[in-house]
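Just below is one structure, and these are the notes that go with it.
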Amino acid sequence: STQSTWGKLVQLVPVGLSHSDQECQIFSAQDNQGDGITSCGPGQNSSQDLSLNPNYVMRQRVPLRTMNDCFPDNVYLMKMDVEGFENFVLRGGRRAFAEKRVKYIVQEFTVLLQIQGGSHLEVLEFYDSYFCKIALKDFPPNGHRVVSSQFPEIVADSIAGGIGEIFVECPWNGDEG
């Protein structure tokens, strides 16, 4: 059956990824329909601790782990959509990349990366340091052009302030199928 085939190919890991092990809480309004505020670290266990609207409640605790620890085996394809926290996820995966355990990454690229204190160039230089190939796909209204480059600053300049997705292919130890 299709479900059993996907079950062999896809592994869901019930944690968030970051650069270190910690716990986060997700807060949202009582009538929330789709977003919330995530807070990580000690001493931030209530909406009052965070100076949030008193109507906000904690919805869920989420453990954060590193990519190195969550993925002890090879990862053929990883989709990363972490709303600007890409640098944190990648820092927690240095060993996985050095050991060539990650083959393909599809990653959303938005201005949220800069808002969270990172940079597009930093992410691209990370991939470049592990000899990964990078391709960019813009979202409309910019069209669907693909820019391939081994020069991260060119790709970073082409999406600065924009929205897009990058496709990354890295050297790999695993088998192809």
Side-chain angles (χ1 to χ4, degrees), residues 10-47 49-53 55-71 75 77-94 96-97 102 104-130 132 134-144 146-147 152 155-170:
V10 176
Q11 177 185 358
L12 300 178
V13 182
V15 300
L17 294 178
S18 189
H19 64 295
S20 64
D21 291 352
Q22 56 184 307
E23 185 175 90
C24 297
Q25 299 82 35
I26 300 174
F27 295 88
S28 65
Q30 295 282 355
D31 59 353
N32 182 13
Q33 296 295 317
D35 69 3
I37 295 173
T38 302
S39 173
C40 303
Q44 299 184 0
N45 296 311
S46 72
S47 60
D49 294 340
L50 298 169
S51 301
L52 298 176
N53 179 323
N55 189 35
Y56 274 50
V57 296
M58 186 178 63
R59 298 295 186 164
Q60 184 172 2
R61 293 183 188 277
V62 178
L64 298 185
R65 302 294 178 259
T66 67
M67 185 188 307
N68 294 331
D69 295 336
C70 279
F71 304 132
V75 174
L77 173 65
M78 181 173 128
K79 170 67 169 128
M80 188 176 357
D81 183 353
V82 293
E83 304 302 324
F85 290 96
E86 290 80 2
N87 292 321
F88 292 96
V89 172
L90 293 173
R91 281 185 220 136
R94 286 185 176 124
F97 282 92
V102 181
Y104 296 107
I105 301 101
V106 178
Q107 175 185 329
E108 186 178 73
F109 240 39
T110 70
V111 296
L112 291 173
L113 182 60
Q114 295 163 311
I115 292 169
Q116 302 300 348
S119 77
H120 295 103
L121 186 57
E122 182 181 350
V123 169
L124 297 169
E125 286 176 341
F126 174 92
Y127 289 131
D128 193 53
S129 72
Y130 292 101
C132 302
I134 303 161
L136 165 73
K137 178 182 176 188
D138 285 341
F139 290 141
N142 298 329
H144 294 283
V146 175
V147 179
V155 177
D157 287 346
S158 73
I159 60 169
I163 297 174
E165 219 169 35
I166 59 171
F167 299 87
V168 181
E169 179 182 5
C170 298

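Note that these values count all heavy atoms, side chains included, but never hydrogens, waters or copies made by symmetry.
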Quick one: do Met78 and Val89 satisfy side chain to side chain contact (heavy atoms under 4.5 Å, CB included)? Show the steps, please.
CA-CA 12 Å; Met78 181 173 128; Val89 172; 4.3 Å; yes
Any idea which heavy atoms bring [X] and [Y] closest together, and the distance?
X	Y	answer
Gly16	Val62	N-CG1, 3.9 Å
Thr66	Gly92	CB-O, 3.3 Å
Glu108	Glu83	OE1-OE2, 3.9 Å
Pro14	Pro63	O-CG, 4.1 Å

Check the pair Val102, Phe71 against side chain to side chain contact (heavy atoms under 4.5 Å, CB included), reporting the backbone distance first and the verdict last.
CA-CA 9 Å; Val102 181; Phe71 304 132; over 6 Å; no
Which value, rounded to the nearest 0.5 Å, describes the distance between [X] atom [atom1] and [Y] atom [atom2]?
X	Y	atom1	atom2	value
Glu169	Ile134	CD	CD1	11.5 Å
Ser39	Met58	OG	CE	10.5 Å
Arg59	Gln25	CZ	CD	14.5 Å
Asp128	Leu121	CG	CG	9.5 Å
Phe97	Asn68	CZ	CG	9.5 Å
Met80	Leu90	CE	CG	4.5 Å

Is there a side chain to side chain contact (heavy atoms under 4.5 Å, CB included) between Val75 and Met67 once you walk through the steps?
CA-CA 10 Å; Val75 174; Met67 185 188 307; over 6 Å; no
Contacts of Arg91 that satisfy side-chain contact (heavy atoms from CB on, under 4.5 Å) - sequence neighbours left out:
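Partners of Arg91 by the side-chain contact (heavy atoms from CB on, under 4.5 Å) criterion, ordered by chain and then number, come out as His19, Asn87, Phe88, Arg94, Glu122.
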